[in-house]
Peer 1: 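Below is a structure I'd like to ask you about.
Please read these numbers as outputs of a predicted model, since none were measured by experiment.
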Amino acid sequence: MAHRDDSERLRASRGLGDYAARLRTQLFDGASPERQGQLRAAEGRAQVFSAFNAVMGGTREGAHVTGLHFVAEESKLIVYVDGSSWTQELTMLREIVRARMAAQGADIDAIVFIESKRPAPRFRKKPAAAPAPHPARKPLTPEEDAALASATARVADPKLREALRKAMKASFEWKKGSEGENAR
């Protein structure tokens with residue numbers, strides 16, 4: 001019978017989540033009540049950090065965060081940022097961030113933003129490539145200019161008609177210039 005169970009176990013496929021859940025249960029069930037409390041606190045801390053990263057990761061504001069500290073006893077997240085202006089801006093967004101974190105499963109009582117004493121790590125940026133030169137605009141021929149005037153003549157408002165004509169003329173002149181550049 002044990003041999004049959006082993007062969008069924010070997011043929012079955014299980015996900016990593018299932019394995020992690022079983023491992024968590026084994027660790028938790030074998031721990032003392034004090035250790036179980038520590039494990040629960042660690043899971044809560046991880047959930048808070050994960051929710052914060054899900055909300056702020058990849059954002060303009062999140063790029064200025066230099067560190068996090070979770071005070072579990074007060075259900076308070078302390079966020080260190082790299083400047084006083086970012087401290088003010090993120091403080092104004094505090095409740096939005098907290099609500100979004102709650103939607104991610106980490107409902108905390110408070111978020112405090114503090115200017116960090118250490119500077120944020122700065123990454124070297126590659127030098128910007130020189131901008132490509134703009135093609136020279138080629139003026140329209142008198143025939144093209146007349147066709148443009150004819151095309152915009154149906155616009156009743158004279159100011160709008162003139163603005164449209166100028167915009168279309170600039171576009172056509174640019175297009176003619178870029179076609180000339182491509183022909184070289």
Peer 1: Using 0.5 Å steps for rounding, measure from the CG atom of Leu93 to the CZ atom of Arg100.
Peer 2: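 That separation rounds to 8.5 Å.
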Peer 1: I'd like to check the salt bridge (charged side-chain N to carboxylate O under 4.0 Å, His left out) partners of Glu143; sequence neighbours left out, ordered by chain and number.
Peer 2: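 Counting only residues at least two positions away or on another chain, Glu143 forms no salt bridge (charged side-chain N to carboxylate O under 4.0 Å, His left out).
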Peer 1: Of all residues at least two apart in sequence or in a different chain, which pass the side-chain hydrogen bond (donor to acceptor under 3.5 Å, both in side chains) check with Glu95?
Peer 2: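 If we apply the side-chain hydrogen bond (donor to acceptor under 3.5 Å, both in side chains) test to Glu95, skipping adjacent residues, the hits are Arg98.
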Peer 1: Ignoring hydrogens, what is the shortest heavy-atom contact between Ile108 and Ser75? Give both atom names and the distance.
Peer 2: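 Nearest pair, atom of Ile108 first, then Ser75: CA-OG, 3.3 Å.
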Peer 1: Taking salt bridge (charged side-chain N to carboxylate O under 4.0 Å, His left out) as the definition, give me every residue that meets it alongside Lys166, ordered by chain and number, with sequence neighbours left out.
Peer 2: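 Partners of Lys166 by the salt bridge (charged side-chain N to carboxylate O under 4.0 Å, His left out) criterion come out as none, since no residue qualifies.
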Peer 1: Holding to salt bridge (charged side-chain N to carboxylate O under 4.0 Å, His left out), I want the full list of residues that pass it with Glu115, two or more places apart in sequence or in another chain.
Peer 2: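 By the salt bridge (charged side-chain N to carboxylate O under 4.0 Å, His left out) rule, Glu115 matches no residue at all.
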Peer 1: Salt bridge check, Glu162 against Lys159: does any charged N sit closer than 4.0 Å to a carboxylate O?
Peer 2: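 Looking at Lys159 and Glu162, the cut-off is not met.
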Peer 1: In the hydrophobic cluster built from side-chain contacts under 4.5 Å, what are the other members alongside Ile78?
Peer 2: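 For the cluster that includes Ile78, the remaining residues are Val71, Tyr80, Val112, Ile114.
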Peer 1: Which residues satisfy the side chain to side chain contact (heavy atoms under 4.5 Å, CB included) test with Thr59, sequence neighbours excluded?
Peer 2: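 Listed in chain order: Met56, Glu61.
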Peer 1: Can you tell me which residue pairs pass the ring-ring contact (aromatic ring centres under 6.0 Å, His included) test with a partner in residues 83-102, sequence neighbours excluded?
Peer 2: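 Checked against ring-ring contact (aromatic ring centres under 6.0 Å, His included) - neighbours excluded - the pairs reaching residues 83-102 are His64-Trp86.
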Peer 1: Keeping the roles fixed (side chain from Gln104, backbone from Phe52), state whether a donor-acceptor pair exists under 3.5 Å.
Peer 2: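 No.
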Peer 1: What distance do Leu140 atom CG and Lys138 atom NZ have between them, rounded to the nearest 0.5 Å?
Peer 2: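 Between atom CG of Leu140 and atom NZ of Lys138 there are 11.5 Å.
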Peer 1: List the steps, then state whether side-chain contact (heavy atoms from CB on, under 4.5 Å) holds for Val81 with Thr66.
Peer 2: CA-CA 5 Å; Val81 297; Thr66 61; 5.8 Å; no
Peer 1: For residues 136-157, which residue pairs qualify under ring-ring contact (aromatic ring centres under 6.0 Å, His included), counting only residues two or more places apart or in two chains?
Peer 2: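 Listed once each, the pairs would be none.
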Peer 1: Arg60: what forms a side-chain hydrogen bond (donor to acceptor under 3.5 Å, both in side chains) with it, not counting sequence neighbours?
Peer 2: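 Only Glu89 meet the side-chain hydrogen bond (donor to acceptor under 3.5 Å, both in side chains) criterion with Arg60.
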Peer 1: Looking at Ser150 and Ala146, would you say the former's side chain and the latter's main chain have a donor-acceptor pair under 3.5 Å?
Peer 2: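 It does not hold such a pair.
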Peer 1: Do the side chains of Phe49 and Leu77 get nearer than 4.5 Å, heavy atoms only?
Peer 2: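 Touching, per the 4.5 Å side-chain cut-off.
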Peer 1: Who passes side-chain hydrogen bond (donor to acceptor under 3.5 Å, both in side chains) against Glu144, sequence neighbours left out?
Peer 2: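 If we apply the side-chain hydrogen bond (donor to acceptor under 3.5 Å, both in side chains) test to Glu144, skipping adjacent residues, the hits are Thr141, Lys176.
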Peer 1: For Ser32, give me all partners under side chain to side chain contact (heavy atoms under 4.5 Å, CB included), at least two apart in sequence or on another chain.
Peer 2: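 Expected list: Glu34, Arg35.
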Peer 1: Between the main-chain N or O of Thr152 and the side-chain N or O of Arg161, is there a donor-acceptor pair closer than 3.5 Å?
Peer 2: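 Such a contact is absent between Arg161 side chain and Thr152 backbone.
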Peer 1: Can you name the residues that form a salt bridge (charged side-chain N to carboxylate O under 4.0 Å, His left out) with Glu74, not counting sequence neighbours?
Peer 2: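 Partners of Glu74 by the salt bridge (charged side-chain N to carboxylate O under 4.0 Å, His left out) criterion, ordered by chain and then number, come out as Lys76.
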